[in-house]
Amino acid sequence: MNYITLGCDFMKKNLGLMSILLVLAFFVSMLTACNAGTKNATPDEVTTTAAAETTTEAIETTTAAPAATAPSTSKPQNQTSGGSSGGSGHSGGNSSGGNSSGGSTQKPTNPGTNVNGEPVGPAPTKCTVTVGSKGYTVELGETFTYVCKLKTPKKIEDIQATLTYDSTMLELIDVEFPVMGDAPIYNTNLYNEIKFNAINLRGFDFTKENDLVTVEFKVIKKGGTAIATAIEVMSEVGTGNAYVNNYVFAGGVEVKEIIEK
């Protein structure tokens, strides 16, 4: 009974010290239990714990970092065809359709020049028509008259000839025979040719140079072309002497071809 009384008196006198000892004993037991749990944990559990801690740190870092602005693109303005891909934002860059830089071009200030200031002339609109040994320049769409003149020593009683031209460049408009009138028989429906012949026993008078045939044409294509008349048969009235043999003329026969506008 005395021991109990003594114990109670000791506890009453040392109550604060006892409380401190109990708290220390609790923390020691908890620390011991945590160390034991760590030692008994598997490698996967330890790795998972470390990964969770790393992820938590990454989330905190991302939250703390300022928000990044998303990149944006816009449609280029004032793009020109034939031209300057990749040139707008890159000074001096080579363009795919030329050497212009900056992705732009400009309208020539002078209508007679291109963007480089080089002269630009109108498209050719002329046609050179050769008859005999002379070339004549005729505008596209313009009409002109081809004339074949003939001179013979005496009257002729017959003639046969072929006039050739290029129907892709010249449009046939009219055919006339000033001296022979309605006597000739002619065909204008042949490809690139006009054939004609005539007979008159009294004779056609070409003793003074006269127009054998006149043909009016219209230029329908630019370039160069030629017109010619080949006399195949021609005889002197009364005698029947040939004035032409295999396209070669007898003495005193003259043929002249010209163009009149």
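Numbers for residues simply follow the sequence, beginning at 1. Note that this is a predicted model, so its numbers are computed, not measured.
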Would you list the atom pairs, donor with acceptor, under 3.5 Å between side chains in residues 199-208 and any protein atom, with sequence neighbours excluded?
from	atom 1	to	atom 2	distance (Å)
Asn200	OD1	Arg202	N	3.0
Asn200	ND2	Gly203	O	3.4
Asp205	OD1	Thr207	N	2.9
Asp205	OD1	Thr207	OG1	2.6

**Asked** Looking only at side chains, do Tyr136 and Thr130 share a donor and an acceptor under 3.5 Å apart?
**Response** no
**Prompt:** Shared ILVMFWY cluster between Val147 and Tyr186, side chains joined below 4.5 angstrom?
**Reply:** yes
**Item:** Cluster link Ile258 to Leu150, ILVMFWY, side chain under 4.5 Å
**Value:** yes
**Message:** Within a 6.0 Å radius of atom CD1 on Ile185, are there more than 12 heavy atoms belonging to other residues, nucleotides or ligands?
**Reply:** no
**Message:** Set out, in order, the CA-CA distance, both residues' side-chain angles and the distance that settles side-chain contact (heavy atoms from CB on, under 4.5 Å) for Asp174 and Val215, then state yes or no.
**Reply:** CA-CA 6 Å; Asp174 188 36; Val215 185; over 6 Å; no
**Prompt:** Can you check whether Ser235's main-chain N or O pairs, donor with acceptor, with Asp158's side chain at less than 3.5 Å?
**Reply:** yes
**Request:** For Ala228 and Tyr146, work out which heavy atoms get closest and say how close.
**Result:** C-OH, 3.9 Å
**Asked** Just how far is it from atom OG1 of Thr188 to atom CD of Glu193, taken to the nearest 0.5 Å?
**Response** 12.0 Å
**Message:** Just so I know, are the side chains of Thr145 and Ile259 near enough to count as touching, which here means a heavy-atom distance under 4.5 Å?
**Reply:** no
**Asked** Taking only residues two or more places apart in sequence or in another chain, which ones pass salt bridge (Lys or Arg N to Asp or Glu O under 4.0 Å) with Glu139?
**Response** Lys126
**From CD1 (Ile227) to CG (Leu170), nearest 0.5 Å** = 5.5 Å
**Prompt:** How many angstroms lie between OG1 in Thr143 and NZ in Lys261, if you round to the nearest 0.5 Å?
**Reply:** 10.5 Å
**Message:** Tell me if the centroids of the rings in Phe217 and Tyr165 come within less than 6.0 Å of each other.
**Reply:** yes
**Message:** Looking at Glu209 and Lys256, is any side-chain nitrogen of the basic one under 4.0 Å from a carboxylate oxygen of the acidic one?
**Reply:** yes
**Message:** When you group the ILVMFWY residues by side-chain heavy-atom contacts below 4.5 Å and let the links chain together, are Val244 and Val237 in the same group?
**Reply:** no
**Asked** Is there a side-chain contact between Glu260 and Glu216, using heavy atoms and a 4.5 Å cut-off?
**Response** no
**Asked** For the side chain of Glu171 and the backbone of Val219, is there at least one donor-acceptor N/O pair under 3.5 Å apart?
**Response** no
**Request:** State which residues pass side chain to side chain donor-acceptor pair (under 3.5 Å) with Lys149; sequence neighbours excluded, sorted by chain then number.
**Result:** Asp211
**Request:** State, yes or no, whether a side-chain contact exists between Cys127 and Met169 at a heavy-atom distance under 4.5 Å.
**Result:** yes
**Prompt:** What is the distance from atom CG of Asn197 to atom OG1 of Thr162, rounded to the nearest 0.5 Å?
**Reply:** 9.5 Å
**Fill in**
To the nearest 0.5 Å, atom NZ of Lys218 lies from atom CG of Leu140 at 9.0 Å
**Prompt:** After noting the C-alpha distance and the side-chain angles of Val255 and Cys148, does the key distance pass the side-chain contact (heavy atoms from CB on, under 4.5 Å) rule?
**Reply:** CA-CA 7 Å; Val255 175; Cys148 178; 3.8 Å; yes
**Message:** Please check: side-chain N/O of Tyr243 versus main-chain N/O of Lys154, any donor-acceptor pairing under 3.5 Å?
**Reply:** yes
**Message:** Do Ile159 and Met180 have side chains that approach each other closer than 4.5 Å (heavy atoms only, starting at C-beta)?
**Reply:** yes
**Message:** Once rounded to the nearest 0.5 Å, what's the spacing between atom CD1 of Ile194 and atom CG of Asn189?
**Reply:** 10.0 Å
**Message:** So Ser167 and Leu172, do their side chains get closer than 4.5 Å, heavy atoms only?
**Reply:** no
**Shortest non-hydrogen contact from Gly251 toward Pro153** = O-CG, 3.6 Å
